[in-house]
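Because the structure is a prediction, the values reported are computed rather than measured.
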Amino acid sequence: MKVSTNGARGRDVRPVRTRLLEAAARLLADEGPRALTTRRLASEVGASTMVVYHHFGGMPELVHAVIAEGFARLAERMAAVPRTDDPVTDLGRLALAYRANARANPHLYAVMFGGVPPGGQAPPAAEPVASGAAFGAAAEAAARAMDAGRLRRDDPEHVSAQVWSAVHGLVMLELAGQLAGRAESVLISLLVNLSVGLGDAPDAAARSLRAALDAPAP
């Protein structure tokens, strides 16, 4: 989302730190590392360059904060998914929440998983606590699915990582414009096939994941 730098700027009442993070993510994702300068970023949000240094200290800290913000929003979205009596439905709803977060925050998502900060260095890896907060619910749902006899006994974190990998790949394709109009149906089919591969019965997997799709979005 572009933050206006004209007279409409004053209507954005969000904290300046939030606006700086979103503007930085957009510049990195849309224009690359060279576009992310203190002066350009300050101009995007209608602030002084000192505001950037006040909130982040420097560009490396800013990029780290962008990634942390992305994972925080993802964790919040995943935490909003209610637990039900059907753990496979819950896995499906968590996958849909992951997709919804990426669609709502495409620039943050791009920097979280593929952005490059100034200097051409790889972005700092997400701290385990950040990804753990986002995906702990998926591991918990996988464990409940195993306890219920729906999935084969395995390491729940390993299973949730498989689900994450599959959903992430689909979301990346969708954001690149490769699955226009088909992403949701492809996602559900993908999850059904993955659940069956992990030990669920085909009819049960399809029923649970259709229920996930029909549930209100968190």
Item to check | Pairs meeting criterion ring-ring contact (aromatic ring centres under 6.0 Å, His included) with involvement of residues 166-208, two or more places apart | outcome: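 ring-ring contact (aromatic ring centres under 6.0 Å, His included) check on residues 166-208 returns Tyr109-His168, Phe113-His168.
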
Just so I know, are the side chains of [X] and [Y] near enough to count as touching, which here means a heavy-atom distance under 4.5 Å?
X: Val167; Y: Leu191; answer: yes
X: Val159; Y: Arg152; answer: no
X: Leu74; Y: Met112; answer: yes

Looking at [Y] and [X], is any side-chain nitrogen of the basic one under 4.0 Å from a carboxylate oxygen of the acidic one?
X: Glu22; Y: Arg17; answer: no
X: Arg73; Y: Glu69; answer: yes
X: Glu44; Y: Arg19; answer: no

Next on the checklist: Please report the interatomic distance CG(Leu28) to CG(Leu41), rounded to the nearest 0.5 Å.
Outcome noted: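 Nearest 0.5 Å value for the CG-CG distance: 9.5 Å.
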
Item to check | By salt bridge (Lys or Arg N to Asp or Glu O under 4.0 Å) - contacts of Glu184 (at least two apart) | outcome: Arg99

Checklist entry - Okay, side chain of Asp86, backbone of Thr89: is any donor-acceptor separation there less than 3.5 Å? => result yes

Next on the checklist: Quick one: does any side-chain atom of Asn101 pair with a main-chain N or O of Ala97 as donor and acceptor, under 3.5 Å?
Outcome noted: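 Answer holds: no.
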
Checklist entry - Quick one: do the Ser208 and Arg150 side chains pair a donor with an acceptor below 3.5 Å? => result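 Ser208 vs Arg150: donor-acceptor pair found between side chains.
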
Next on the checklist: Hydrophobic clustering (ILVMFWY, side-chain heavy atoms < 4.5 Å, transitive) - are Tyr53 and Leu62 grouped together?
Outcome noted: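 Different clusters: Leu62 never reaches Tyr53 through Ile, Leu, Val, Met, Phe, Trp or Tyr contacts under 4.5 Å.
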
